[in-house]
Amino acid sequence: RIGFPTVIKPADGYGSQNISIVRSEDDLEVICADFDHNQSNPTDYGLGVKANNRFSVEQYVEGALIGCDVFSDGKDRLLIGVNEKLMYPLPSFAIKGGHFPSNNFDMDALRSYAFAILDAVDFDIGAAHIEMIVADGVPYLVEVNARLVSAQIPFQMGYALERSLYVDLMDLHLGVATGRMVPFHAHGVCAIRWIVADKSGVLKTVRLPEEPGPGIRRVILFKLDGDTVRPPISNGDRIGYVMAAAQTAAEAADLAESYIARCDVVLEPEGRHGMRTP
């Protein structure tokens, strides 16, 4: 009924795992053939979470992926800002990086749409992270999370805003009204880029630049020596990241990408055993 192209994604899990785009009946047959196997072999997402094998089927809209973080105090709402995300080329669904804040969109339209979404689901108090696709200037809802943006992104936003979003979140739940919070004015732009492998194998080491360079704010590695790695298909394939801050998005992106270019991901020679799974 939806037609093609369609996106099929799990109703559970995280890290953009097990997401597929179906562009034709042939693609659909391949996906359906995998369902029987998945019923008896559910995906292990990690951290104790296994797939429940329930999927949502949606129209695939191609555009810019953004995240909008909103504080609600029971009476008023506050849009903290927009994080514009950069994806790896399909068929990957991994996020390559992004920058905060982004001024590439109609903020009034995004604010109205985000607030209307929260009104529709009766969300009244706390932080909400709303993901959208913006296509031809029109925002389309991807999902609503009843929490502050997770993982590493609060650090990225904090570097641009020069404040701790975790402190702000605690203030919100301690009863500080959004109108009484210090204005969320960005002092620059912070970009994030991820370190990945260009081929599959076993990670031997990651050599980082001896001199980080100007603007580098944070560097974190998640994969350990001996872990299996591959080119990014889902977010779980990313090895680590760098965050860089500057006055403009272009400058911040250049700093982060220059750092990534100087990173050396070294794999074990083929045939070596003793690998660990991620």
Side-chain angles (χ1 to χ4, degrees), residues 63-73 76-87 95-118 123 126-134 137 139 141-145 147-174 176-194 212-220 241-260:
L65 176 63
I66 64 171
C68 300
D69 283 272
V70 178
F71 277 0
S72 302
D73 63 13
D76 297 311
R77 304 193 193 278
L78 170 68
L79 175 62
I80 297 174
V82 173
N83 194 311
E84 185 174 354
K85 305 179 182 183
L86 178 65
M87 306 294 293
I95 296 173
K96 183 177 183 180
H99 68 271
F100 177 91
S102 174
N103 298 313
N104 293 329
F105 307 96
D106 184 335
M107 295 300 295
D108 290 336
L110 292 182
R111 183 180 295 105
S112 297
Y113 186 49
F115 290 4
I117 289 169
L118 295 178
F123 187 92
H129 176 63
I130 306 172
E131 292 188 352
M132 307 176 191
I133 292 287
V134 180
L141 174 64
V142 175
E143 63 184 33
V144 181
N145 301 276
R147 54 167 171 75
L148 182 67
V149 58
S150 63
Q152 309 301 310
I153 306 305
F155 294 106
Q156 177 192 4
M157 297 170 67
Y159 291 132
L161 297 169
E162 295 187 0
R163 63 196 293 164
S164 170
L165 291 183
Y166 296 116
V167 172
D168 293 321
L169 182 62
M170 288 186 281
D171 284 345
L172 181 66
H173 284 285
L174 288 172
V176 178
T178 58
R180 289 171 49 206
M181 291 185 172
V182 176
F184 287 78
H185 290 157
H187 298 268
V189 179
C190 187
I192 182 173
R193 291 292 186 272
W194 289 85
I216 301 301
R217 294 289 184 267
R218 188 177 178 88
V219 180
I220 297 291
Y241 70 82
V242 58
M243 292 180 183
Q247 286 301 303
T248 68
E251 291 171 336
D254 286 344
L255 291 173
E257 290 172 3
S258 174
Y259 185 94
I260 293 291

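Counting from 1, the numbers follow the sequence of the chain as shown.
Between atom CD1 of residue Ile216 and atom OH of residue Tyr159 there is a gap of 11.0 Å, rounded to the nearest 0.5 Å. Annotation: the span from Met107 atom CE to Ser112 atom OG amounts to 11.0 Å, rounded to 0.5 Å. Atoms NE2 and CG, on His173 and Asp168 in that order, are 11.5 Å from each other to the nearest 0.5 Å. In this structure, the separation between CD1 on Ile117 and CD on Glu143 is 11.5 Å, given to the nearest 0.5 Å. Atom-to-atom distance recorded for Met132:CE and Leu110:CG is 5.5 Å, nearest 0.5 angstrom. If you take CD on Glu84 and CG on Leu86, they are separated by 8.5 Å, rounding to the nearest 0.5 Å.
Counting heavy atoms of neighbouring residues, nucleotides and ligands inside a 6.0 Å radius, atom NZ of Lys85 exceeds 12 of them.
In plain terms, the two heavy atoms of Ala160 and Cys190 that are nearest each other are CB-N, 4.0 Å. Shown here for Ala244 and Leu255, the closest heavy-atom pair between the two residues is CB-CB, 3.7 Å. The heavy-atom pair separating Tyr259 from Pro212 by the smallest distance is CD1-O, 3.6 Å. Scanning all heavy atoms of the two residues, the minimum distance from Ala127 to Leu169 falls at CB-CD1, 3.6 Å. Here the closest heavy-atom approach between residue Ser72 and residue Leu118 is recorded as OG-CD1, 4.2 Å. The nearest pair of heavy atoms linking Ala252 to Ala246 is N-CB, 3.6 Å.
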Determine whether Val134 and Asp106 satisfy the following criterion, side chain to side chain contact (heavy atoms under 4.5 Å, CB included), listing intermediate values before the conclusion. CA-CA 10 Å; Val134 180; Asp106 184 335; over 6 Å; no

Check your understanding: Going through the distances and angles, do Thr178 and Asp73 end up as a side-chain hydrogen bond (donor to acceptor under 3.5 Å, both in side chains)?
Key -> CA-CA 6 Å; Thr178 58; Asp73 63 13; 3.2 Å; yes

Q: Please assess Ile153 against Phe100 for the test side chain to side chain contact (heavy atoms under 4.5 Å, CB included), listing each intermediate value before the final yes or no.
A: CA-CA 9 Å; Ile153 306 305; Phe100 177 91; over 6 Å; no

**Study point:** side chain to side chain contact (heavy atoms under 4.5 Å, CB included) between Ile80 and Leu161, worked out
**Key:** CA-CA 10 Å; Ile80 297 174; Leu161 297 169; 4.0 Å; yes

task: List the steps, then state whether side chain to side chain contact (heavy atoms under 4.5 Å, CB included) holds for Phe71 with Leu148.
output: CA-CA 9 Å; Phe71 277 0; Leu148 182 67; 4.2 Å; yes

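Contact annotation: the side chain of His129 never approaches that of Ser150 to less than 4.5 Å [non-hydrogen atoms, C-beta and beyond]. Counting heavy atoms from C-beta on, the side chains of Arg217 and Phe155 never come closer than 4.5 Å. Residues Thr248 and Val189 fail the side-chain proximity criterion, which asks for heavy atoms closer than 4.5 Å. Looking at Asn104 and Ile66, their side chains never come closer than 4.5 Å, going by heavy atoms from C-beta outward. Contact check for Asp171 versus Arg180: no side-chain heavy atoms found under the 4.5 Å cut-off. Contact of the Val144 side chain with the Phe123 side chain is not registered, since no non-hydrogen atoms from C-beta on lie closer than 4.5 Å. At a threshold of 4.5 Å between non-hydrogen side-chain atoms, the residues Val82 and Pro101 do not count as touching.
The cationic group of Arg163 lies under 6.0 Å from the six-membered ring centre of Phe184 and within 45° of the ring axis, placing it in a cation-pi geometry.
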